[in-house]
Amino acid sequence: MLGPVILAASRSDKMRRIVSAAPVTKPVVNRFIPGETVDQVIPIVEDLTQAGLEVTLDVVGEDITEVEQSHAARDAYLQLIERLAELGLGEKAEMSVKLSMFGQALEGGHELALANVRPVVEAAAAIGTTVTLDAEDHTTLDSMFAIHEELRKDFPQTGCVIQAYLFRTEADARRLAANGSRVRIVKGAYKEPAEVAYQDKAEIDKAYVRILKILMDGEGYPMIGSHDPRLIAIGQELARKAGRKLDEYEFQMLYGIRSEEHLRLAAEGHRMRVYTAYGTDWYGYFMRRLAEKPANLLFFVRSMITKN
């Protein structure tokens, strides 16, 4: 399977240099990451929201080695929120953050990440939107959930992400569904060992459905992160059986993937949110998109062959 190989490459400095230097890379990256700056991504947000879609914005970057970089990440989100406020887009655009960007892996990283993310959550609330804490590899999750719980004391709308391929996630989903939080469920896009995660796609899909049912039957707000037509249909059926109205859950898909499906779901009255990443440190995000779906990798390889 190519997925694990690509995920390993996402952590390789050598592969980063090779992929970044390839002439074809930038045009292909633009399919998934439409800009490097706030000025470049804001028009995308305007276009998406005018088409009846909602957005979650991610300033990409995870390799933080200095405290100053974590402060810069915080400030990048604050700048984004300021621009959204100026354009009155607060109710249509939320933020997704990776706590690794806020210094989680540094010495004293739990406290540092909490201190950095809190003003972002406060600023988001002030313009009528919220923040979702992205899930990263399994070693970071206890810290992420603890920060999520702390933030929800003052900002109960703060969301978090759970990953279906981890064995622990069904228990996490039961806890989160019971306390009414916003929860995005995804399959998972990090290379995890067999001791903590399902490795077989069929097993991951089964776990996804079990966990989604827990969320739909609970008191929270489920956010279905998937491009899989079968899982989308199952999500709709589970919502119907749980008696949920169309505004009591939502679908989320990545920018640049199945864009026609985004519009179809929105036209049917569903809340459809497009996960839109931007920034200069795009490599890790890009490689995980290739690993998630063979078609993405084929698209990249075909472009390289065509260009060379």
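In this text, all values refer to a predicted model and were calculated from it rather than measured experimentally.
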Quiz item: According to the side chain to side chain donor-acceptor pair (under 3.5 Å) rule, which pairs have a member within residues 156-166, sequence neighbours left out?
Solution: none
Quiz item: Between S96 (side chain) and L57 (backbone), is there a donor-acceptor pair under 3.5 Å?
Solution: no
Quiz item: Can a donor-acceptor pair be found between the side chains of T129 and E91 at a distance below 3.5 Å?
Solution: no
Quiz item: Does Q69 use its side chain to pair, donor to acceptor, with the backbone of T65 at less than 3.5 Å?
Solution: yes
Quiz item: When hydrophobic residues are tied together by side-chain contacts of less than 4.5 Å, even through go-betweens, does V121 share a cluster with V161?
Solution: no
Distance-only criterion, 3.5 Å: show the donor-acceptor pairs between side-chain atoms of residues 111-119 and protein atoms not counting sequence neighbours.
unit_1 : atom_1 : unit_2 : atom_2 : d
N116   : ND2    : S70    : OG     : 3.1
N116   : ND2    : F102   : O      : 3.0
N116   : ND2    : L112   : O      : 3.4
R118   : NH1    : D154   : OD2    : 3.3

Quiz item: With sequence neighbours left out, what residues match P229 under side chain to side chain contact (heavy atoms under 4.5 Å, CB included)?
Solution: R258
Quiz item: Are S100 and E136 close enough that a side-chain donor and a side-chain acceptor fall under 3.5 Å?
Solution: yes
Practice problem: Would you name the heavy atoms of G103 and I64 that are closest together and state the gap between them? | Solution: CA-CG2, 4.3 Å
Quiz item: Going by the side chain to side chain donor-acceptor pair (under 3.5 Å) test, which pairs reach into residues 234-244, not counting sequence neighbours?
Solution: Q236-H270, E237-R240
Quiz item: Mind checking what makes ring pair (Phe, Tyr, Trp, His ring centres under 6.0 Å) contact with Y221, not counting sequence neighbours?
Solution: none
Self-check item: Sequence-distant partners of D75, salt bridge (Lys or Arg N to Asp or Glu O under 4.0 Å), two or more places apart
Solution: none
Quiz item: Would you say the side-chain atoms of Y249 pair up with the backbone N or O of R271, donor to acceptor, closer than 3.5 Å?
Solution: no
Quiz item: Would you say the side-chain atoms of Q252 pair up with the backbone N or O of E250, donor to acceptor, closer than 3.5 Å?
Solution: no
Quiz item: D247: what forms a side-chain hydrogen bond (donor to acceptor under 3.5 Å, both in side chains) with it, not counting sequence neighbours?
Solution: none
Quiz item: With T49, which residues qualify under side chain to side chain contact (heavy atoms under 4.5 Å, CB included), at least two apart?
Solution: V45, V55, L89, K92
Self-check item: Heavy-atom donor-acceptor pair, E82 side chain to L78 backbone, under 3.5 Å
Solution: no
Quiz item: Any side-chain heavy atom of P193 sitting closer than 4.5 Å to one from Q199?
Solution: no
Quiz item: Just by modelled atom types, is the D47 backbone N or O under 3.5 Å from a matching donor or acceptor in the Q50 side chain?
Solution: no
Exercise. List in chain and number order the residues that pass ring pair (Phe, Tyr, Trp, His ring centres under 6.0 Å) with F167, two or more places apart in sequence or in another chain; answer none if no residue qualifies.
Key: Y198
Quiz item: Is a donor on one side and an acceptor on the other found under 3.5 Å between the side chain of T276 and the backbone of V274?
Solution: yes
Quiz prompt | S226 side-chain N/O to D228 backbone N/O, donor-acceptor pair under 3.5 Å | solution = yes
Self-check item: Distance-only polar pair, side chains of Y255 and D58, donor-acceptor under 3.5 Å
Solution: no
Exercise. Spell out, as yes or no, whether a donor-acceptor pair under 3.5 Å connects the side chain of H110 to the backbone of Q104.
Key: no
Self-check item: Residues in side-chain hydrogen bond (donor to acceptor under 3.5 Å, both in side chains) contact with R174, at least two apart in sequence or another chain
Solution: none
Self-check item: Residues in side-chain hydrogen bond (donor to acceptor under 3.5 Å, both in side chains) contact with T37, at least two apart in sequence or another chain
Solution: none
Self-check item: Carboxylate-amine/guanidinium proximity below 4.0 Å for E149 and R152
Solution: no
Self-check item: With sequence neighbours excluded, residues passing side-chain hydrogen bond (donor to acceptor under 3.5 Å, both in side chains) with E46
Solution: none
